[in-house]
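Reminder, nothing fancy here: chain letters follow the sequence lines and each chain counts from 1.
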Number of protein chains: 2
Amino acid sequence: MARKRFDDSNCSVARALNEVGDWWSLLIVLQAMYGTRRFVDFQQELGIARNILCDRLARLVDNDVLRKVEVGEHGSRHEYRLTGKGRDLFPVVVALRQWGDKWNPAPNCDALDLRDRATGQPIREMAVQSADGKPLSIRDVFMPDTETPSKTG
Amino acid sequence: MARKRFDDSNCSVARALNEVGDWWSLLIVLQAMYGTRRFVDFQQELGIARNILCDRLARLVDNDVLRKVEVGEHGSRHEYRLTGKGRDLFPVVVALRQWGDKWNPAPNCDALDLRDRATGQPIREMAVQSADGKPLSIRDVFMPDTETPSKTG
DNA sequence: AAATTTGGTTTCGTTATGCAACCCTATTTA
DNA sequence: TAAATAGGGTTGCATAACGAAACCAAATTT
(Lines give C-alpha, C1' and ligand atoms only; values in the text may rest on other atoms or scores of the structure.)
Protein backbone atom coordinates (compact mmCIF):
# COMPACT_ATOMS: atom_id res chain seq x y z
CA MET A 1 0.00 0.00 0.00
CA ALA A 2 0.91 3.62 -0.06
CA ARG A 3 3.85 4.78 1.92
CA LYS A 4 2.63 6.08 5.19
CA ARG A 5 2.62 9.84 5.51
CA PHE A 6 2.45 11.88 8.64
CA ASP A 7 0.72 15.10 7.66
CA ASP A 8 -1.81 14.67 10.38
CA SER A 9 0.34 13.12 13.03
CA ASN A 10 0.16 14.87 16.34
CA CYS A 11 3.91 14.58 16.62
CA SER A 12 5.77 17.50 15.11
CA VAL A 13 8.83 15.35 14.50
CA ALA A 14 6.69 13.11 12.34
CA ARG A 15 5.28 16.10 10.53
CA ALA A 16 8.75 17.53 10.08
CA LEU A 17 9.97 14.22 8.67
CA ASN A 18 7.05 14.31 6.31
CA GLU A 19 8.54 17.43 4.77
CA VAL A 20 12.26 16.78 4.89
CA GLY A 21 12.54 13.20 6.10
CA ASP A 22 13.23 11.40 2.88
CA TRP A 23 16.57 10.47 1.41
CA TRP A 24 16.99 13.58 -0.66
CA SER A 25 15.19 16.59 0.75
CA LEU A 26 17.60 17.42 3.52
CA LEU A 27 20.55 17.00 1.17
CA ILE A 28 18.90 19.44 -1.21
CA VAL A 29 18.45 21.90 1.65
CA LEU A 30 22.08 21.38 2.63
CA GLN A 31 23.19 21.98 -0.92
CA ALA A 32 21.08 25.13 -1.00
CA MET A 33 22.85 26.27 2.16
CA TYR A 34 26.13 25.82 0.32
CA GLY A 35 24.80 28.27 -2.23
CA THR A 36 23.40 26.06 -4.98
CA ARG A 37 20.31 27.53 -6.60
CA ARG A 38 19.89 26.06 -10.08
CA PHE A 39 18.23 22.85 -11.13
CA VAL A 40 21.21 21.58 -13.07
CA ASP A 41 23.61 22.38 -10.28
CA PHE A 42 21.56 20.46 -7.74
CA GLN A 43 21.37 17.62 -10.18
CA GLN A 44 25.07 17.46 -10.81
CA GLU A 45 26.30 18.09 -7.30
CA LEU A 46 23.94 15.59 -5.70
CA GLY A 47 23.88 13.02 -8.49
CA ILE A 48 20.12 12.78 -8.12
CA ALA A 49 17.79 11.60 -10.88
CA ARG A 50 16.09 14.50 -12.63
CA ASN A 51 12.54 13.35 -12.08
CA ILE A 52 13.21 12.83 -8.39
CA LEU A 53 14.84 16.23 -8.16
CA CYS A 54 11.78 17.75 -9.84
CA ASP A 55 9.51 16.06 -7.36
CA ARG A 56 11.56 17.05 -4.32
CA LEU A 57 12.02 20.65 -5.39
CA ALA A 58 8.30 20.95 -6.01
CA ARG A 59 7.49 19.47 -2.64
CA LEU A 60 9.99 21.68 -0.86
CA VAL A 61 8.44 24.67 -2.62
CA ASP A 62 4.95 23.48 -1.65
CA ASN A 63 6.10 23.19 1.92
CA ASP A 64 7.63 26.65 1.82
CA VAL A 65 11.15 25.41 2.49
CA LEU A 66 12.34 26.71 -0.88
CA ARG A 67 10.86 29.29 -3.14
CA LYS A 68 11.10 29.33 -6.90
CA VAL A 69 12.30 32.59 -8.35
CA GLU A 70 12.16 33.49 -12.02
CA VAL A 71 15.42 34.97 -13.20
CA GLY A 72 16.38 36.23 -16.63
CA GLU A 73 14.29 38.15 -19.08
CA HIS A 74 11.71 35.76 -20.39
CA GLY A 75 11.27 33.56 -17.40
CA SER A 76 12.94 30.45 -18.62
CA ARG A 77 15.54 30.30 -15.89
CA HIS A 78 14.67 29.70 -12.30
CA GLU A 79 16.41 29.71 -9.01
CA TYR A 80 15.44 27.78 -5.93
CA ARG A 81 16.21 29.78 -2.82
CA LEU A 82 15.85 28.97 0.82
CA THR A 83 12.99 30.62 2.64
CA GLY A 84 13.15 31.60 6.29
CA LYS A 85 11.65 28.25 7.10
CA GLY A 86 14.34 26.57 5.04
CA ARG A 87 17.12 28.59 6.62
CA ASP A 88 15.72 27.59 10.00
CA LEU A 89 16.80 24.03 9.25
CA PHE A 90 20.35 25.18 9.81
CA PRO A 91 20.54 23.82 13.38
CA VAL A 92 19.08 20.51 12.23
CA VAL A 93 21.61 20.12 9.46
CA VAL A 94 24.53 21.16 11.63
CA ALA A 95 23.44 18.79 14.40
CA LEU A 96 23.18 15.95 11.93
CA ARG A 97 26.49 16.81 10.40
CA GLN A 98 28.24 16.90 13.76
CA TRP A 99 26.68 13.57 14.66
CA GLY A 100 27.90 12.10 11.41
CA ASP A 101 31.36 13.56 11.86
CA LYS A 102 31.55 12.13 15.37
CA TRP A 103 30.21 8.66 14.77
CA ASN A 104 30.91 8.02 11.10
CA PRO A 105 34.00 10.00 10.28
CA ALA A 106 35.11 9.63 6.69
CA PRO A 107 38.80 9.05 6.12
CA ASN A 108 38.87 11.37 3.14
CA CYS A 109 36.69 14.11 4.55
CA ASP A 110 37.42 16.48 7.39
CA ALA A 111 34.86 17.21 10.05
CA LEU A 112 32.72 20.26 9.52
CA ASP A 113 34.67 23.39 10.29
CA LEU A 114 32.17 26.21 10.47
CA ARG A 115 33.42 29.48 11.85
CA ASP A 116 31.92 32.62 13.20
CA ARG A 117 32.32 35.23 10.50
CA ALA A 118 32.78 37.91 13.12
CA THR A 119 35.59 36.30 15.08
CA GLY A 120 36.93 33.43 12.97
CA GLN A 121 36.36 31.08 15.90
CA PRO A 122 34.88 27.62 15.29
CA ILE A 123 31.26 27.20 16.25
CA ARG A 124 30.19 25.30 19.33
CA GLU A 125 29.07 21.75 19.24
CA MET A 126 25.31 21.53 19.04
CA ALA A 127 23.72 20.57 22.32
CA VAL A 128 20.44 20.68 24.11
CA GLN A 129 21.04 23.34 26.72
CA SER A 130 19.56 24.50 29.98
CA ALA A 131 18.30 28.05 30.32
CA ASP A 132 21.74 29.16 31.41
CA GLY A 133 23.53 27.38 28.60
CA LYS A 134 24.75 24.17 30.19
CA PRO A 135 24.61 21.12 27.90
CA LEU A 136 21.94 18.61 28.87
CA SER A 137 21.81 14.93 28.05
CA ILE A 138 18.57 13.09 27.59
CA ARG A 139 18.77 12.00 31.21
CA ASP A 140 18.98 15.58 32.43
CA VAL A 141 15.58 16.56 31.11
CA PHE A 142 11.95 15.69 31.73
CA MET A 143 8.60 16.52 30.22
CA PRO A 144 5.88 18.02 32.37
CA ASP A 145 2.80 15.86 32.62
CA THR A 146 0.79 17.68 29.99
CA GLU A 147 2.72 15.90 27.28
CA THR A 148 1.85 12.27 26.72
CA PRO A 149 4.61 10.20 25.21
CA SER A 150 2.19 7.77 23.59
CA LYS A 151 1.44 7.53 19.88
CA THR A 152 4.68 8.95 18.58
CA GLY A 153 4.49 11.64 21.22
CA MET B 1 17.23 0.73 -10.16
CA ALA B 2 18.32 0.40 -6.59
CA ARG B 3 17.72 3.20 -4.19
CA LYS B 4 20.86 5.17 -3.95
CA ARG B 5 22.76 4.75 -0.72
CA PHE B 6 25.40 6.99 0.68
CA ASP B 7 27.66 4.72 2.71
CA ASP B 8 30.65 5.93 0.86
CA SER B 9 29.70 9.53 0.36
CA ASN B 10 32.32 11.96 1.50
CA CYS B 11 29.58 14.04 3.11
CA SER B 12 28.83 13.08 6.67
CA VAL B 13 25.30 14.41 6.39
CA ALA B 14 24.72 11.97 3.56
CA ARG B 15 26.24 9.17 5.58
CA ALA B 16 24.16 10.14 8.60
CA LEU B 17 21.02 10.15 6.47
CA ASN B 18 22.00 6.72 5.29
CA GLU B 19 21.60 5.49 8.84
CA VAL B 20 18.66 7.47 10.15
CA GLY B 21 17.39 9.36 7.12
CA ASP B 22 14.43 7.24 6.16
CA TRP B 23 10.84 7.72 7.14
CA TRP B 24 10.95 5.54 10.23
CA SER B 25 14.39 5.32 11.78
CA LEU B 26 14.41 8.68 13.48
CA LEU B 27 10.90 8.10 14.80
CA ILE B 28 12.05 4.80 16.26
CA VAL B 29 14.96 6.59 17.92
CA LEU B 30 12.57 9.23 19.21
CA GLN B 31 10.27 6.56 20.59
CA ALA B 32 13.25 4.90 22.23
CA MET B 33 14.08 8.23 23.84
CA TYR B 34 10.59 8.26 25.27
CA GLY B 35 11.44 4.95 26.90
CA THR B 36 10.04 2.36 24.52
CA ARG B 37 12.16 -0.77 24.36
CA ARG B 38 10.06 -3.69 23.14
CA PHE B 39 9.25 -4.74 19.62
CA VAL B 40 5.50 -4.80 20.19
CA ASP B 41 5.53 -1.42 21.88
CA PHE B 42 7.35 0.20 18.99
CA GLN B 43 4.94 -1.45 16.65
CA GLN B 44 1.86 -0.24 18.44
CA GLU B 45 3.01 3.23 19.32
CA LEU B 46 4.33 4.01 15.86
CA GLY B 47 1.76 2.07 13.84
CA ILE B 48 4.57 0.69 11.69
CA ALA B 49 4.33 -2.55 9.71
CA ARG B 50 6.08 -5.41 11.49
CA ASN B 51 8.37 -6.35 8.64
CA ILE B 52 9.49 -2.76 8.25
CA LEU B 53 10.04 -2.45 11.99
CA CYS B 54 12.13 -5.63 11.88
CA ASP B 55 14.22 -4.24 9.10
CA ARG B 56 14.72 -0.85 10.74
CA LEU B 57 15.55 -2.23 14.16
CA ALA B 58 18.08 -4.57 12.58
CA ARG B 59 19.64 -1.77 10.64
CA LEU B 60 19.77 0.51 13.66
CA VAL B 61 21.43 -2.30 15.59
CA ASP B 62 23.86 -2.86 12.73
CA ASN B 63 24.69 0.80 12.78
CA ASP B 64 25.16 0.77 16.54
CA VAL B 65 22.36 3.22 17.19
CA LEU B 66 20.42 0.64 19.18
CA ARG B 67 21.60 -2.52 20.83
CA LYS B 68 19.59 -5.66 21.26
CA VAL B 69 19.53 -6.99 24.78
CA GLU B 70 18.25 -10.43 25.71
CA VAL B 71 16.00 -10.26 28.72
CA GLY B 72 14.23 -13.11 30.49
CA GLU B 73 15.54 -16.57 31.16
CA HIS B 74 15.78 -18.35 27.87
CA GLY B 75 16.40 -15.48 25.59
CA SER B 76 13.10 -15.14 23.88
CA ARG B 77 12.42 -11.59 24.98
CA HIS B 78 14.51 -8.74 23.76
CA GLU B 79 14.85 -5.10 24.43
CA TYR B 80 16.16 -2.50 22.06
CA ARG B 81 18.08 0.15 23.92
CA LEU B 82 19.79 3.29 22.75
CA THR B 83 23.56 3.21 22.59
CA GLY B 84 25.70 6.25 23.23
CA LYS B 85 25.62 6.89 19.53
CA GLY B 86 21.85 6.70 19.59
CA ARG B 87 21.58 8.97 22.60
CA ASP B 88 23.80 11.42 20.77
CA LEU B 89 20.98 11.96 18.31
CA PHE B 90 19.21 13.90 21.02
CA PRO B 91 20.22 17.32 19.66
CA VAL B 92 19.14 16.29 16.17
CA VAL B 93 15.73 15.15 17.34
CA VAL B 94 15.18 18.21 19.50
CA ALA B 95 16.26 20.53 16.71
CA LEU B 96 13.88 18.83 14.31
CA ARG B 97 11.11 18.90 16.85
CA GLN B 98 11.56 22.60 17.51
CA TRP B 99 11.60 23.28 13.79
CA GLY B 100 8.37 21.34 13.40
CA ASP B 101 6.77 23.08 16.35
CA LYS B 102 7.71 26.45 14.94
CA TRP B 103 6.76 25.97 11.31
CA ASN B 104 4.12 23.25 11.41
CA PRO B 105 2.39 23.62 14.74
CA ALA B 106 -0.39 21.11 15.28
CA PRO B 107 -3.61 22.48 16.70
CA ASN B 108 -4.06 19.50 18.97
CA CYS B 109 -0.50 19.15 20.11
CA ASP B 110 1.52 21.49 22.29
CA ALA B 111 5.04 22.43 21.41
CA LEU B 112 7.75 20.38 23.01
CA ASP B 113 8.20 21.35 26.62
CA LEU B 114 11.45 19.80 27.77
CA ARG B 115 12.75 20.96 31.11
CA ASP B 116 16.00 20.81 32.97
CA ARG B 117 15.57 18.18 35.64
CA ALA B 118 17.80 20.13 37.96
CA THR B 119 16.00 23.46 37.81
CA GLY B 120 12.63 22.82 36.20
CA GLN B 121 13.40 25.52 33.64
CA PRO B 122 12.54 24.96 29.97
CA ILE B 123 15.46 24.16 27.71
CA ARG B 124 16.89 26.70 25.29
CA GLU B 125 15.99 26.78 21.67
CA MET B 126 18.52 24.86 19.61
CA ALA B 127 20.86 27.14 17.72
CA VAL B 128 24.20 27.12 16.02
CA GLN B 129 26.32 29.13 18.41
CA SER B 130 29.56 31.02 18.41
CA ALA B 131 32.33 30.04 20.80
CA ASP B 132 30.91 32.39 23.39
CA GLY B 133 27.36 31.14 22.99
CA LYS B 134 25.75 33.69 20.69
CA PRO B 135 23.28 32.26 18.19
CA LEU B 136 24.51 32.31 14.61
CA SER B 137 22.47 32.25 11.44
CA ILE B 138 23.75 30.69 8.26
CA ARG B 139 24.89 34.11 7.14
CA ASP B 140 27.03 34.57 10.22
CA VAL B 141 29.30 31.66 9.46
CA PHE B 142 31.83 30.64 6.85
CA MET B 143 33.92 27.60 6.02
CA PRO B 144 37.67 27.90 5.80
CA ASP B 145 39.07 27.07 2.40
CA THR B 146 40.05 23.51 3.18
CA GLU B 147 36.45 22.45 2.83
CA THR B 148 35.16 22.23 -0.68
CA PRO B 149 31.41 22.70 -1.00
CA SER B 150 31.22 20.65 -4.17
CA LYS B 151 29.81 17.12 -4.49
CA THR B 152 27.51 17.27 -1.49
CA GLY B 153 30.36 18.76 0.47
C1' DA C 1 -3.90 -28.15 27.60
C1' DA C 2 -5.35 -24.05 25.42
C1' DA C 3 -4.76 -19.38 24.67
C1' DT C 4 -1.84 -15.45 24.54
C1' DT C 5 2.44 -12.81 24.14
C1' DT C 6 6.61 -11.89 21.77
C1' DG C 7 9.41 -11.44 17.87
C1' DG C 8 9.61 -12.50 13.67
C1' DT C 9 9.15 -14.18 8.31
C1' DT C 10 6.40 -14.77 3.97
C1' DT C 11 3.39 -13.40 0.35
C1' DC C 12 1.54 -10.17 -2.47
C1' DG C 13 0.01 -5.90 -4.42
C1' DT C 14 1.20 -0.84 -4.53
C1' DT C 15 4.42 2.91 -4.56
C1' DA C 16 8.92 5.11 -5.11
C1' DT C 17 13.34 5.37 -7.28
C1' DG C 18 16.88 5.47 -10.98
C1' DC C 19 18.11 5.59 -15.72
C1' DA C 20 17.65 6.96 -20.15
C1' DA C 21 15.29 9.14 -23.71
C1' DC C 22 12.61 12.82 -25.20
C1' DC C 23 10.67 17.90 -25.40
C1' DC C 24 10.47 22.79 -25.57
C1' DT C 25 12.44 27.30 -24.92
C1' DA C 26 16.55 30.38 -24.74
C1' DT C 27 21.02 31.45 -25.63
C1' DT C 28 25.54 30.65 -27.93
C1' DT C 29 28.54 29.22 -31.44
C1' DA C 30 29.93 28.31 -36.16
C1' DT D 1 21.29 32.19 -40.21
C1' DA D 2 21.69 27.41 -39.03
C1' DA D 3 23.21 24.42 -35.70
C1' DA D 4 24.58 23.33 -31.21
C1' DT D 5 24.14 23.73 -26.39
C1' DA D 6 22.10 24.83 -21.74
C1' DG D 7 18.15 25.03 -18.70
C1' DG D 8 14.20 22.84 -16.83
C1' DG D 9 11.39 19.52 -17.20
C1' DT D 10 8.29 15.06 -18.53
C1' DT D 11 7.64 10.16 -19.92
C1' DG D 12 8.43 5.04 -19.91
C1' DC D 13 10.28 1.28 -18.08
C1' DA D 14 12.62 -2.00 -14.79
C1' DT D 15 13.74 -2.64 -10.12
C1' DA D 16 13.59 -1.93 -5.21
C1' DA D 17 11.12 -0.60 -1.03
C1' DC D 18 6.82 -0.36 1.50
C1' DG D 19 2.34 -1.78 3.88
C1' DA D 20 -1.16 -5.09 5.22
C1' DA D 21 -2.30 -9.29 6.57
C1' DA D 22 -1.37 -14.06 7.19
C1' DC D 23 1.51 -17.34 9.07
C1' DC D 24 5.09 -19.37 12.50
C1' DA D 25 7.49 -20.93 16.58
C1' DA D 26 9.14 -20.45 21.31
C1' DA D 27 7.84 -18.99 25.82
C1' DT D 28 4.49 -17.56 29.11
C1' DT D 29 -0.28 -17.28 31.20
C1' DT D 30 -4.69 -18.99 32.23
| Taking the side chain of B:Phe39 as heavy atoms from C-beta outward, which of D:dG9, C:dG7, D:dA20 is closest to it? | C:dG7

| request: State whether B:Asp116 and A:Lys134 are salt-bridged, where the test is any N-O pair (Lys NZ or Arg NE/NH1/NH2 against Asp/Glu carboxylate O) under 4.0 Å. | output: no

| said: Could you tell me if B:Thr83 and B:Asp64 have a donor-acceptor pair between their side chains, going purely by distance under 3.5 Å? | reply: no

| query | Would you say a side-chain N or O of B:Arg38 is under 4.0 Å from OP1 or OP2 of C:dT5? | reply | no

| task | Give a yes/no answer on whether the side chain of B:Trp23 brings an N or O atom under 4.0 Å of OP1 or OP2 in D:dG19. | result | no

| Does a side-chain N or O from A:Lys68 land closer than 4.0 Å to OP1 or OP2 of D:dG9, or not? | yes

| task | Determine, using the 4.5 Å side-chain heavy-atom cutoff (strictly less than), whether A:Val20 and A:Val61 are members of one ILVMFWY cluster. | result | yes

| What are the two closest heavy atoms between B:Val128 and A:Ile123, and how far apart are they? | CG1-CD1, 3.9 Å

| message | Would you say A:Arg50 places a side-chain N or O within less than 4.0 Å of OP1 or OP2 belonging to D:dT10? | response | no

| task | Please identify each residue that fulfils side-chain contact (heavy atoms from CB on, under 4.5 Å) with B:Pro135, with sequence neighbours left out. | result | B:Ala127

| task | For A:Asn51 and for A:Cys54, find the nucleotide of DNA chain D with the closest heavy atom, then tell me which residue's nucleotide is more 5'. | result | A:Cys54

| query | When the C1' atoms of the five terminal pairs at each end define the local axes, what inter-axis angle does the helix from C:dA1-D:dT30 to C:dA30-D:dT1 show, to 10 degrees? | reply | 10°

| Does a side-chain N or O from B:Tyr80 land closer than 4.0 Å to OP1 or OP2 of C:dT6, or not? | no

